[in-house]
Q: 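Handing you a structure now.
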Amino acid sequence: MSDSRVRLRFAPSPTGGLHMGGVRTALFSYLFAKKHGGDFVLRIEDTDQTRYVKGAEEYIINSLKWCGIEPNEGVGFGDGPYTPYRQSERKELGIYKKYADRLIESGHAYYAFDTAEELDEMRKRLEAAKVVAPQYNAVSRQNMRNATTLSEDEVKKLLAEGTPYVVRLKVPRNEEIRFHDIIRGWVVVNSTQVDDKVLLKSDGMPTYHLAHIVDDIEMKISHAVRGEEWLPSAPAHILIYRYLGLEEQMPKLAHLPLILKPDGNGKLSKRDKSGIPMFPLNWFDERTNESYTGYRESGFFPEAFVNMLAMLGWNSGTTQEIFSIEELIKAFSFERVNKAGAKFDPEKTKWFNQQYLRKKSDEELAELFEPFLKEHNITVDKKFAIGFCKLIKEKAHFVNEFWSLGSFFFIAPTTYDAEVLKKRLNPQTLAYIKEVKTAFDAIQNFTAVETEHAFKAVSEKLNIPTGQVMQLFRVAITGVGGGPALFEMLELFGKENSLKRLDNAIAYFEKQG
RNA sequence: GGCCCGUUCGUCUAGGGGUUAGGACGCGUCCCUUUCACGGACGAAACACGAGUUCGAUUCUCGUACGGGCUACCA
């Protein structure tokens with residue numbers, strides 16, 4: 001096994017939008033596969049037809065694409081040597097039945113004909129008898145309608161009559177099951193705790209337990225990565241591999257710690273009150289008529305989202321926190337994945353996006369901001385947009401904050417911050433502003449350095465400290481009391497626009513007086 | 001309830017038999033600054049508890065507590 005090709009699969013079931021926990025599982029699998037020059041496969045586990053949600057599969061594919069963690073094989077990403085990659089289609093090939101039959105023949109699985117009502121009765125009976133863990137197992141199966149209690153002829157007859165049946169795993173009575181997990185080390189469970197899991201359902205579909213094993217074997221998967229919620233059923237899976245004689249080919253197991261809610265406890269839910277999304281992309285659930293916001297639509301960069309996810313349960317062992325996907329691939333290992341669940345931190349998630357925002361070039365940001373300008377019917381030349389981004393990005397976590405932070409760059413103010421006016425507007429400061437306008441008029445080379453110089457010269461001339469008039473001057477130009485570096489803004493606006501804004505403001509200020 | 005997994009600042013985490021227990025987010029103070037932000041400096045803030053092993057345990061072992069997961073013909 002150790003010398004064979006590294007192949008990992010991400011195997012979600014299309015029962016809804018892909019949760020960020022699922023994205024992280026995909027991410028870790030992707031990183032490991034890429035690090036070892038292996039394959040990353042997308043397999044769709046659609047064995048539960050009652051829970052199939054239309055659009056979910058496409059959503060999963062689009063999410064992976066947006067995150068930049070693309071499988072090189074599988075549904076939506078091109079066929080590899082093990083097509084098809086949808087379990088519903090693989091079922092048509094009869095492969096699951098084949099493996100189930102093998103288990104039946106070797107005596108490790110059996111037909112069971114119990115109806116839902118009978119199973120329910122059994123559970124009630126066991127509960128009434130104060131059985132600690134009611135389950136279909138080595139003991140209780142003796143009182144049920146299955147191939148271990150019925151004669152061979154009876155079983156044949158029932159099958160011939162078309163009686164609905166399932167195939168169950170015949171779990172031994174009292175046996176220690178040991179398995180190794182890359183993240184957790186050795187785990188030991190007694191088979192008494194494992195129930196006779198259904199392998200083949202009455203509709204002919206395999207359950208997850210059978211299907212994922214068959215497919216992992218058939219697809220030559222080297223490492224099976226999944227969430228911690230699967231740990232309790234892992235012993236049953238070990239048994240299946242063993243009874244199939246495939247323990248040697250069994251993928252190495254890695255159970256990832258869960259992502260927990262930011263406050264309180266428990267698994268991350270579909271919605272969080274922090275307002276940070278739980279899904280990569282917008283998702284609309286047709287069944288419940290509920291929609292969920294995505295990271296993409298909330299203005300997150302995919303790199304930031306992926307980086308944040310990577311740091312949830314994994315670390316490089318250094319103090320580095322900002323990683324490109326290439327760096328992640330280089331640094332990743334399952335050994336450095338934590339065992340304990342990680343609470344999701346909305347604040348830090350924003351911080352990650354801010355880090356990436358600050359790394360983007362002004363040109364790139366201007367392009368990303370373009371749609372917001374369109375939305376407000378604003379046309380400006382590229383240079384202005386780039387200059388705007390340069391000044392505004394320091395204030396923001398997201399590109400979608402740019403407009404509300406700096407709409408005054410594009411629309412000259414018609415109202416002015418009343419608080420500031422009340423505090424700072426008086427005959428002296430008004431005279432100051434007028435004097436500044438005159439001084440600006442005379443500037444040939446309208447740069448930040450020149451305007452600031454001129455502004456300060458007025459301060460000296462009128463003997464008024466800049467502090468008393470600076471904010472008022474800012475309000476005159478932008479209408480609001482806060483914003484980016486004032487003289488830098490003037491340079492971007494240019495002489496003509498700046499003077500026009502000053503004129504407007506002076507007219508307005510005079511009316512106030 | 002039973003079984004499994006886990007437990008270092010509020011959160012993400014580093015560390016690991018002897019450390020001033022390190023970093024990051026957030027928070028606070030100060031500096032920079034016309035404002036806000038950025039940046040910088042500083043600060044408050046953690047080894048769940050109890051035994052055992054040991055010269056010495058946050059680190060190893062066992063219990064306890066707490067948290068989480070699982071307990072379907074769902075994945």
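Chain identifiers are assigned alphabetically (A, B, ...) following the order of the sequence lines, protein sequences preceding nucleic acid strands; residue numbering begins at 1 within each chain. Scope of the values below: all heavy atoms of this structure, side chains included, with no hydrogens, waters or symmetry mates. Predicted model, so just to flag it, every value in this text is computed and none were measured.
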Q: With rounding to whole Å, what would you report as the distance between B/C27 and B/A37 at their P atoms?
A: 10 Å

Q: Under 4.0 angstrom, heavy atoms only, what part of the nucleic acid is A/Gly313 near: base, sugar-phosphate, or nothing?
A: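 The answer is sugar-phosphate, as A/Gly313 gets under 4.0 Å only of primed atoms, P, OP1 or OP2.
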
Q: Before accepting this row, confirm whether a basic side-chain N of the pair A/Glu228/A/Lys267 lies closer than 4.0 Å to the acidic partner's carboxylate O.
A: no

Q: Rounded to whole angstrom, note down the P distance from B/A14 over to B/G40.
A: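 Each nucleotide's P atom is 24 Å from the other's.
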
Q: Quick check on RNA chain B: between A/Gln471 and A/Leu312, whose nearest nucleotide comes earlier from the 5' end?
A: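 Going by which nucleotide is closer to the 5' end, it is A/Leu312.
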
Q: Take atom P in B/G63 and the same atom in B/A46, then report the distance between them in whole Å.
A: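 Comparing P positions in B/G63 and B/A46 gives a spacing of 29 Å.
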
Q: Going 5' to 3' through nucleotides 66-75 of chain B, assign each nucleotide B (protein heavy atom under 4.0 Å from a base atom), S (under 4.0 Å only from sugar-phosphate atoms) or - (no protein heavy atom that close).
A: -SSBS--BBB

Q: Counting side-chain heavy atoms from C-beta on, which of B/G39, B/A24, B/G2 comes nearest to A/Glu321?
A: B/A24

Q: Nearest to the side chain of A/Gln193, which nucleotide is it out of B/C5, B/U34, B/C3?
A: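 Comparing B/C5, B/U34, B/C3 against the side chain of A/Gln193, the answer is B/C3.
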
Q: Using a cut-off of 4.0 Å on non-hydrogen atoms, how would the nucleic acid contact of A/Val187 be classed: base, sugar-phosphate, or nothing?
A: sugar-phosphate

Q: Kindly state which residues belonging to residues 450-461 of chain A come within less than 4.0 angstrom of RNA chain B, counting heavy atoms of the residue only, listed by number.
A: none

Q: If you check the A/Lys343 side chain, which of B/C12, B/G6, B/G2 turns out closest?
A: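 For the A/Lys343 side chain, the nearest candidate turns out to be B/C12.
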
Q: Assess the residue pair A/Glu488 and A/Lys390 against the criterion (salt bridge (charged side-chain N to carboxylate O under 4.0 Å, His left out)); give the C-alpha distance rounded to whole Å, side-chain angles, the decisive distance to 0.1 Å, and a yes or no.
A: CA-CA 10 Å; A/Glu488 301 284 332; A/Lys390 180 187 164 76; over 6 Å; no

Q: Kindly write out the residues that satisfy ring pair (Phe, Tyr, Trp, His ring centres under 6.0 Å) with A/Tyr85, not counting sequence neighbours, or none if the list is empty.
A: none

Q: Assess whether salt bridge (charged side-chain N to carboxylate O under 4.0 Å, His left out) is satisfied between A/Glu303 and A/Lys359, documenting all intermediate values.
A: CA-CA 11 Å; A/Glu303 311 95 287; A/Lys359 279 170 75 161; over 6 Å; no

Q: With the threshold set at 4.0 Å, does a side-chain nitrogen-carboxylate oxygen contact exist between A/Asp195 and A/Lys197?
A: yes

Q: What integer number of Å spans the P atoms of B/C47 and B/U7?
A: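 Rounded to whole Å, the distance is 16 Å.
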
Q: Provide, to the nearest angstrom, the distance between the CG atom belonging to A/Leu486 and the P atom belonging to B/A37.
A: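 So the CG-P distance, A/Leu486 to B/A37, works out to 17 Å.
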
Q: Please give the nucleotide sitting opposite B/A24 as a Watson-Crick or G-U wobble pair, both distances under 3.5 Å, or none.
A: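 The answer is B/U11, by the H-bond criterion.
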
Q: Could you tell me which nucleotide pairs with B/A46 by Watson-Crick or G-U wobble geometry, both distances under 3.5 Å, or answer none if nothing does?
A: none

Q: Under a 3.5 Å limit for both distances, which nucleotide forms a Watson-Crick or G-U wobble pair with B/C66, could you say?
A: B/G6

Q: Considering every strand and a 4.0 Å limit on heavy-atom distances, what is the contact class for A/Gly467: base, sugar-phosphate, or nothing?
A: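 Since no nucleic acid heavy atom lies under 4.0 Å of A/Gly467, the category is nothing.
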
Q: Under 4.0 angstrom, heavy atoms only, what part of the nucleic acid is A/Ala234 near: base, sugar-phosphate, or nothing?
A: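 The answer is nothing, as A/Ala234 stays clear of every strand by at least 4.0 Å.
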
Q: Could you please name the option among B/C3, B/G6, B/C5 that lies closest to any side-chain atom of A/Val189?
A: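 Per side-chain heavy atoms of A/Val189, the pick is B/C3.
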
Q: Expressed as a whole number of angstroms, how long is the span from A/Lys348:NZ to B/U11:P?
A: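 So the NZ-P distance, A/Lys348 to B/U11, works out to 13 Å.
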
Q: Output all residues satisfying salt bridge (Lys or Arg N to Asp or Glu O under 4.0 Å) with A/Lys97, sequence neighbours left out; order by chain, then residue number.
A: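 Applying salt bridge (Lys or Arg N to Asp or Glu O under 4.0 Å) to A/Lys97 gives A/Asp101.
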
Q: Rounded to whole angstrom, note down the P distance from B/U53 over to B/C12.
A: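 Taking atom P in both B/U53 and B/C12, they lie 34 Å apart.
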
Q: Would you confirm whether A/Arg145, through its side chain, and A/Phe113, through its main-chain N or O, come within 3.5 Å as a donor-acceptor pair?
A: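 Yes; judged by distance alone, with no hydrogens or angles, the pair exists.
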
Q: How many Å lie between CD1 on A/Ile477 and P on B/U35, as a whole number?
A: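 After rounding, the gap between these two atoms is 17 Å.
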
Q: Just jot down the ring pair (Phe, Tyr, Trp, His ring centres under 6.0 Å) partners of A/Phe409, sequence neighbours excluded, or say none.
A: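 Only A/Phe388, A/Phe493 meet the ring pair (Phe, Tyr, Trp, His ring centres under 6.0 Å) criterion with A/Phe409.
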
Q: Return the value, rounded to whole Å, for the distance between atom CD of A/Gln354 and atom C1' of B/G39.
A: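 About 12 Å, once rounded to whole Å.
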
Q: Could you list the residues that satisfy salt bridge (Lys or Arg N to Asp or Glu O under 4.0 Å) with A/Glu175, not counting sequence neighbours?
A: A/Arg242

Q: How many angstroms lie between atom CZ of A/Phe402 and atom NZ of A/Lys393, to the nearest 0.5 angstrom?
A: 8.0 Å

Q: Give none if B/U71 has no partner; otherwise give the nucleotide forming a Watson-Crick or G-U wobble pair with it, both distances under 3.5 Å.
A: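 Its partner is B/G1 (Watson-Crick or G-U wobble, both distances under 3.5 Å).
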
Q: How long is the straight-line distance from CG of A/Leu309 back to CD1 of A/Ile259, given to the nearest 0.5 Å?
A: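 Rounded to the nearest 0.5 Å, the CD1-CG separation comes to 5.5 Å.
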
Q: Please state how far atom CZ in A/Arg358 lies from atom C1' in B/G39, giving the value in whole angstrom units.
A: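 Distance check: A/Arg358 CZ to B/G39 C1' gives 8 Å.
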
Q: Could you give the distance separating B/U29 and B/U54 at their C1' atoms, to the nearest angstrom?
A: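 To the nearest whole Å, 44 Å.
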
Q: Give the rounded distance in Å between these two atoms: CG of A/Leu253 and P of B/C4.
A: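 Answer to the nearest Å: 17 Å.
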
Q: Pick the P atom in B/C42 and in B/G15, then give their distance to the nearest Å.
A: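 After rounding to an integer number of Å, I get 24 Å for this pair.
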
Q: Does A/Arg336 make a side-chain N or O approach to OP1 or OP2 of B/G15 shorter than 4.0 Å?
A: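 Affirmative; the distance criterion is met.
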
Q: To the nearest Å, how far apart are A/Ile392 CD1 and B/U35 C1'?
A: 13 Å

Q: So what's B/C30 paired with, Watson-Crick or G-U wobble, going by both distances under 3.5 Å?
A: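 Checking every strand shown, B/C30 finds its partner in B/G40, with both distances under 3.5 Å.
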
Q: With under 30° as parallel and over 60° as perpendicular, where do the rings of A/His212 and A/Tyr208 fit, or are they tilted in between?
A: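 Ring orientation of A/His212 relative to A/Tyr208: parallel.
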
Q: Rounded to the Å, how far apart are A/Asn315 CG and B/G23 P?
A: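 Going from CG in A/Asn315 over to P in B/G23 covers 15 Å.
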
Q: If only side-chain N and O atoms of A/Asn338 are considered, is one of them under 4.0 Å from the OP1 or OP2 phosphate oxygen of B/U13?
A: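 Checking A/Asn338 against B/U13: at least one side-chain N or O falls below 4.0 Å of OP1 or OP2.
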
Q: When the P atoms of B/C60 and B/U8 are compared, how many Å lie between them, rounded to an integer?
A: 13 Å

